[in-house]
There are 2 protein chains.
Amino acid sequence: MHQPKDLQSAGLKATLPRLKVLSLFETSKERHLSAEDIYNILHSSGEDVSLATVYRVLTQFEHAGLLMRHHFESGKSVFELNHGEHHDHIVCLQCDHVEEFYDAAIEARQKKIAAEYGFTIHEHSLYIYADCTKPNCPNKR
Amino acid sequence: MHQPKDLQSAGLKATLPRLKVLSLFETSKERHLSAEDIYNILHSSGEDVSLATVYRVLTQFEHAGLLMRHHFESGKSVFELNHGEHHDHIVCLQCDHVEEFYDAAIEARQKKIAAEYGFTIHEHSLYIYADCTKPNCPNKR
DNA sequence: TGTGCAAATGATAACCATTCTCATTCTCAT
DNA sequence: ATGAGAATGAGAATGGTTATCATTTGCACA
Ligand SMILES: [Mn+2]
Ligand SMILES: [Mn+2]
Ligand SMILES: [Zn+2]
Ligand SMILES: [Zn+2]
């Protein structure tokens, strides 16, 4: 699964909880996970990690650049592996299905707008909230 | 200041707390206010409204279409008068200064992207987090 | 390969924004 | 003016997250 190297090169000791959380992100079919998601998934497979540690590890991984944090409207932070390429999200309001996209035109316009207003961009968040068309989505129609 | 008509046409009784909150939005120089902001401003001018009522009224105004709610990274909801025209925001990470913008190209791209992925857009949120160049901003340079 | 100590963890209390509860007060149609 | 129902205030409760601190663990070094 993991090389302790992954963590040590990030300046983090290779502890069991950290290995488990990182492994979960690498094997889960859902890219975007909340602290509670992770806590529940680990516990349901007998891998007990305290909720406090899950929160701590997520924040550490975020600072180390291993994970990215997102603030969807759900109110809870959602994390995903940082693969180094920025992207934005379309979130289904009915089933929480998330699609990722990158649009060079939107990125360029943002840079231009910030410059016009005299701002230096740190980051941005663009979330499109919508209804998806997945067959199993509760958008009953 | 206000006509009770404003509220009644929105299906809301013209109560004192509601009149005060609406008046505050119309007279404040800062368009974007949190529940705590409103609570503090009202109290510092001797207009006591309970915090629970501030929260209730803000949510009612949002549902009535009088206010719009935003989720900045601060973690707390921020509200502004709904003037009917959608816009997005640039938020200074140092001084919380907010600029509003509307970009037709960005809006058009979002519609197109959502359609490509088979989503029907409900709404979207675009926040650019940046450093501003206000003279009083703690961007010491 | 064992030891020591700093760092990490677990359990739980605390925190903060927000919502709920319910007894009291207010609004407004009559 | 009155009364029924809606709104308010005070504070308890909630949900997500962080802080505290005693105990356990990783790992550099002997
Ligand atoms: Mn993503
Ligand atoms: Mn605005
Ligand atoms: Zn869906
Ligand atoms: Zn600033």
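Letters A, B, ... mirror the listed sequences (proteins, then strands); counts begin at 1. What you see is a predicted model, and the numbers here were worked out from it, not measured in a lab.
Between the CD atom of Glu73(A) and the P atom of dG16(D) there is a distance of 16 Å, given to the nearest Å. Between Tyr55(A) atom OH and dT12(C) atom P the separation is 17 Å, expressed in whole Å. Whole-Å rounding puts the Leu51(A) CG to dG16(D) P distance at 10 Å. The CG atom of Leu58(A) sits 15 Å away from the C1' atom of dA8(C) (whole-angstrom rounding). When rounded to the nearest whole Å, the span between CD1 of Ile38(A) and P of dT9(C) equals 14 Å. In this structure, Leu12(A) places its CG atom 13 Å from P of dA7(C), rounding to the nearest Å.
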Give me, pair by pair, the N or O atoms of the protein and of nucleotides 28-30 of chain D that are less than 3.5 Å apart, along with how far apart they are.
none

Please write out each protein N/O paired with an N/O of nucleotides 21-26 of chain C under 3.5 Å, distance rounded to 0.1 Å.
residue	atom	partner	partner atom	Å
dT21(C)	O4	Arg56(B)	NH1	3.3

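Recorded end-axis angle for the helix from dT1(C)-dA30(D) to dT30(C)-dA1(D) stands at 30°, based on five pairs per end and rounded to 10 degrees.
At a threshold of 4.0 angstrom between heavy atoms, the contacts of Ser34(A) with the nucleic acid are absent.
Residues meeting the side chain to side chain donor-acceptor pair (under 3.5 Å) test with Ser50(B), sequence neighbours left out: Thr53(B). For Asp103(A), the side chain to side chain donor-acceptor pair (under 3.5 Å) test picks out Arg109(B), with sequence neighbours left out.
His87(A) and Glu85(A) form no side-chain donor-acceptor contact under 3.5 Å, judged by distance and modelled atom types alone. Judged purely by distance below 3.5 Å, without hydrogens or angles, the side chains of Gln94(A) and His122(B) never pair a donor atom with an acceptor atom. Residues Glu123(A) and His86(A) bring no donor and acceptor atom of their side chains to less than 3.5 Å of each other.
Classification of Arg69(A) and Glu80(A) as a salt-bridged pair fails, no side-chain N sitting under 4.0 Å from a carboxylate O.
Connection of Leu33(A) to Val91(A) is not established within any shared hydrophobic cluster, with ILVMFWY side chains joined at heavy-atom distances below 4.5 Å, either directly or through further cluster members.
When all heavy atoms of Ile128(A) and Ile121(B) are compared, the closest pair comes out as CG2-CG1, 3.6 Å.
Residue Lys76(A) has its side chain nearest to dG16(D) when only dG16(D), dA7(D), dG9(D) are considered. Each of dT17(D), dT18(D), dT8(D) was ranked by its minimum atom distance to the side chain of Thr59(A); first place goes to dT18(D).
Each ring pair (Phe, Tyr, Trp, His ring centres under 6.0 Å) pair with one or both residues in residues 6-26 of chain A, not counting sequence neighbours, would appear here, but there are none.
Aromatic ring centres of His71(B) and Phe72(A): separated by at least 6.0 Å.
Thr53(A) has no side-chain polar atom (N or O) that falls below the 4.0 Å cut-off from OP1 or OP2 of dT9(C). The phosphate of dG16(D) has neither OP1 nor OP2 within less than 4.0 Å of any side-chain N or O from Ser77(A).
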